[in-house]
Amino acid sequence: MILPTTGIGMNSAIDDMNLIQQAQRHHLVVREIGEEIDLEIGPGEDDPSFGNTALNCPPLRECSTEEHGERKQMVVVSQLSNDTQDMSQTQQGKRKKKVVKRWREEWADTYKWAYVDVKDGTPRIFCSVCREFGRKHRRNPYGNEGSRNMQMSALEEHNNSLLHKEALRLQSASKDKIMADKPVYVKAVMSKTAGSILEATLKRDPHEVEFIQAVQEVVQALERVIGKNAHYVNIMERLLEPERMIIFRVPWVDDRGETHVNRGFRVQFNQSMGPCRGGIRFHPSMNLSITKFLGFQQTLKNALSPYKLGGAAGGSDFDPKGKTDNEIMRFCQSFMCEMYHYLGPDKDLPSEEMGVGTREMGYLFGQYRRLVGHFQGTFTGPRIFWSGSSLRPEATGYGLVFFAQLMLADMNKELKGLRCVVSGSGKIALHVLEKLIAYGALPISVSDSRGYLVDEDGFDYMKVQFLRDIKAQHRSLRDYSKTYARSKYYDEAKPWIERCDLAFACATQNEIDQSDAMNLVNSGCRILIEGSNMPCTPDAVQVLRKANILVAPAMAAGAGGVVAGELELNHECSLMNWSPEDFESKLQEAMKQTYQRAIKAATDFGYQKESPEALVHGAVISAFLTIAQAMTDQGCV
């Protein structure tokens with residue numbers, strides 16, 4: 001190959017060896033070295049025919065481990081010899097720097113989305129998603145400018161980018177997909193408006209993976225809405241930027257007297273519908289991206305419910321596991337010392353989330369009451385003597401089962417006798433088990449971060465209580481199988497492989513990936529109820545839709561907690577001791593209204609009621625239109 005300067009042949013070989021080592025670390029197969037393309041300056045001057053040549057090549061056969069090792073040696077040796085010859089050639093005159101394309105399996109689809117255009121009189125290779133070329137696509141913009149590792153394919157970065165994958169997904173799902181016998185240069189098939197929203201989000205928050213994923217799902221659901229009214233593009237752009245984001249430090253002292261510092265978050269996403277309502281999560285993975293994603297989802301969930309509220313989310317990267325009660329109390333008090341400035345009955349009302357239960361909410365409320373100097377009964381919590389409804393903890397889990405029942409009723413079926421798998425083992429999952437048992441279903445599984453437990457005989461009320469005792473004592477679910485011989489605990493596994501009719505995802509975001517979705521399809525599952533926010537990865541969503549599995553989105557199915565929160569906001573209701581029957585009656589009615597709103601919005605925009613995406617898209621459309629109307633009425637604020 002041609003080197004730009006003399007005396008660096010050994011550095012070139014080292015770069016190639018580094019590339020091979022990098023490929024090994026990422027489990028990539030090093031392919032044969034392909035043709036050389038000048039992505040920085042443009043291929044036109046060296047190869048006039050390149051502009052008419054397709055960028056994708058036939059797939060290369062997989063090489064065995066031995067061939068792989070021999071090939072690496074050949075590459076390095078050939079580079080050493082070639083570099084020696086190139087040093088003499090560069091003496092005669094400098095030539096443009098070349099970039100070596102190394103083909104990889106996943107590049108095949110990427111090159112279909114490249115196109116050649118002329119920029120400033122020079123042919124260049126552009127990415128059809130962001131219209132950029134050359135060094136603007138370098139994998140590491142802070143790396144060595146002369147390193148080949150940093151000058152690999154201009155499109156490699158986009159092959160792994162969320163925005164580019166979204167373009168490919170929209171293209172494959174489009175009814176107007178371009179079919180051709182030979183590769184052609186086309187631009188990504190997605191509406192210009194939808195693409196601009198995604199592009200702006202990715203440009204502004206490139207590292208917030210969870211938030212970008214949530215935005216992608218929502219924008220995809222709103223394509224038909226945005227296509228009918230371009231005004232909604234501006235509304236969406238404003239909606240995607242939270243009204244305020246608070247990040248603060250939380251210092252606390254453990255029982256040994258040692259000082260620790262965690263980070264606290266609160267994102268008040270949108271208050272156009274009313275005061276904010278959203279959970280507080282304590283988990284080591286908590287960051288700004290997850291907080292924004294949760295706040296965005298909560299905003300839409302609240303707007304979809306019969307009771308209109310704004311959306312928010314917050315928490316900390318504090319891990320309550322393994323901490324004593326005194327340590328958790330000191331942390332919660334320190335957390336609230338900053339948070340209380342932004343809370344209030346007409347501003348923001350926090351609720352429970354992962355890692356935050358009865359104990360934590362009690363400590364938080366106690367410190368809040370101490371700081372503000374009055375008793376605010378509408379501060380969400382599961383204790384009836386300082387909160388509203390007596391069934392507050394059960395609301396979300398019961399609501400999931402009620403929603404599943406509504407879906408089955410439209411199919412002339414019922415829950416009785418159906419085999420159900422449930423993930424998670426927190427308050428939502430255990431209350432789902434409770435209500436499934438009440439309706440005669442057969443729930444067979446729960447899970448935690450280390451594996452899952454399956455009981456072939458199904459759970460009953462006594463077994464559910466035993467599970468509660470295990471969780472309260474911070475023991476492993478494995479202890480359950482020591483008492484019930486027909487049960488078994490599987491390490492490092494998920495319950496989606498178990499035979500089932502319905503699945504309830506109640507653990508955390510992205511708990512179902514592509515392989516898990518395939519397991520669900522093979523296990524006979526027909527309906528997936530989302531108890532956690534965004535439990536499916538984009539690849540999993542595609543698998544489920546192709547298999548015609550109905551999905552009840554968390555935005556609609558998880559509205560039970562919103563219903564309980566609204567009842568607590570009502571001062572008259574908060575002073576009442578709701579009976580279980582009265583509360584369940586109100587909860588069922590609210591879930592029915594939510595279900596009907598989602599179905600109506602889907603059919604209004606052309607989705608068949610029986611289609612797998614109807615509820616998902618309908619829920620987003622209904623929630624967005626409600627928020628958009630409020631934001632339009634209130635002006636640009």
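Remember, predicted model here, so these are calculated numbers, not experimental data. Position 1 is the first residue of the sequence; numbering continues from there.
- Residues Asp455 and Tyr480 bring a donor and an acceptor atom of their side chains to less than 3.5 Å of each other.
- Between Phe583 and Tyr398, the ring center distance fails the sub-6.0 Å criterion.
- Salt bridge status for Lys321 with Asp319: absent, with no side-chain N to carboxylate O gap under 4.0 Å.
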| request: Please report the C-alpha distance between Gln473 and Arg468 in whole Å, then the side-chain angles of each, then the deciding distance to 0.1 Å, and finally whether the side-chain hydrogen bond (donor to acceptor under 3.5 Å, both in side chains) criterion is met. | output: CA-CA 9 Å; Gln473 298 167 16; Arg468 281 202 177 92; over 6 Å; no
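- Residues Val421 and Glu498 come closest through the heavy atom pair CG1-CB, 3.9 Å.
- Under 4.0 Å is where a charged nitrogen must lie from a carboxylate oxygen, and between Asp469 and Arg475 no such pair does.
- For an aromatic pair to be called close, the ring centres must be under 6.0 Å apart, and Tyr368 with Tyr340 fails this.
- Distance CG/Leu615 to CD/Glu530: 10.5 Å, rounded to 0.5 Å.
- Salt bridge Arg486/Asp457: present, at least one basic N to carboxylate O contact under 4.0 Å.
- Between the side chains of Gln514 and Thr537, no donor N or O sits under 3.5 Å from an acceptor N or O.
- Taking CG of Leu202 as the start and CD of Gln216 as the end, the distance is 8.0 Å to the nearest 0.5 Å.
- Every residue two or more places apart in sequence or in another chain that forms a salt bridge (Lys or Arg N to Asp or Glu O under 4.0 Å) with Glu241 is listed here: Arg204.
- Residues Glu584 and Lys435 are paired through a salt bridge, judged by an N-O separation under 4.0 Å between the basic side chain and the carboxylate.
- Pairs passing the side chain to side chain donor-acceptor pair (under 3.5 Å) check and including a residue from residues 441-451, sequence neighbours excluded, read Asp448-Tyr489.
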| Audit row: Glu353, Asn533, side chain to side chain contact (heavy atoms under 4.5 Å, CB included) steps and yes/no | CA-CA 11 Å; Glu353 236 270 6; Asn533 289 304; 4.1 Å; yes
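- The existence of a salt bridge linking Glu352 and Arg281 is excluded, since no basic side-chain nitrogen approaches an acidic carboxylate oxygen closer than 4.0 Å.
- Nearest heavy-atom pair, Cys332 versus Phe282, reported as atom, atom and distance to 0.1 Å: SG-CE1, 4.0 Å.
- Every side chain to side chain contact (heavy atoms under 4.5 Å, CB included) that Thr324 has, sequence neighbours left out, goes to Asp255, Asn326, Glu327.
- Side-chain atoms of Gln298 and Val562, non-hydrogen and from C-beta on, do get closer than 4.5 Å to each other.
- Using a 4.0 Å cut-off between a side-chain N of Lys or Arg and a carboxylate O of Asp or Glu, Asp516 and Lys494 qualify as a salt bridge.
- Salt bridge status for Glu581 with Lys586: absent, with no side-chain N to carboxylate O gap under 4.0 Å.
- Between the side chains of Ser622 and Arg597, at least one donor N or O sits under 3.5 Å from an acceptor N or O.
- Within the model, atoms CD1 of Ile212 and CZ of Phe293 stand 13.5 Å from one another, a figure rounded to the nearest 0.5 Å.
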| query | Run the side chain to side chain contact (heavy atoms under 4.5 Å, CB included) check on Trp496 and Ile512 step by step: do they pass? | reply | CA-CA 8 Å; Trp496 313 123; Ile512 301 177; 3.7 Å; yes
| field | Evaluation steps, side chain to side chain contact (heavy atoms under 4.5 Å, CB included), between Leu528 and Cys536 | value | CA-CA 10 Å; Leu528 171 65; Cys536 299; 3.6 Å; yes
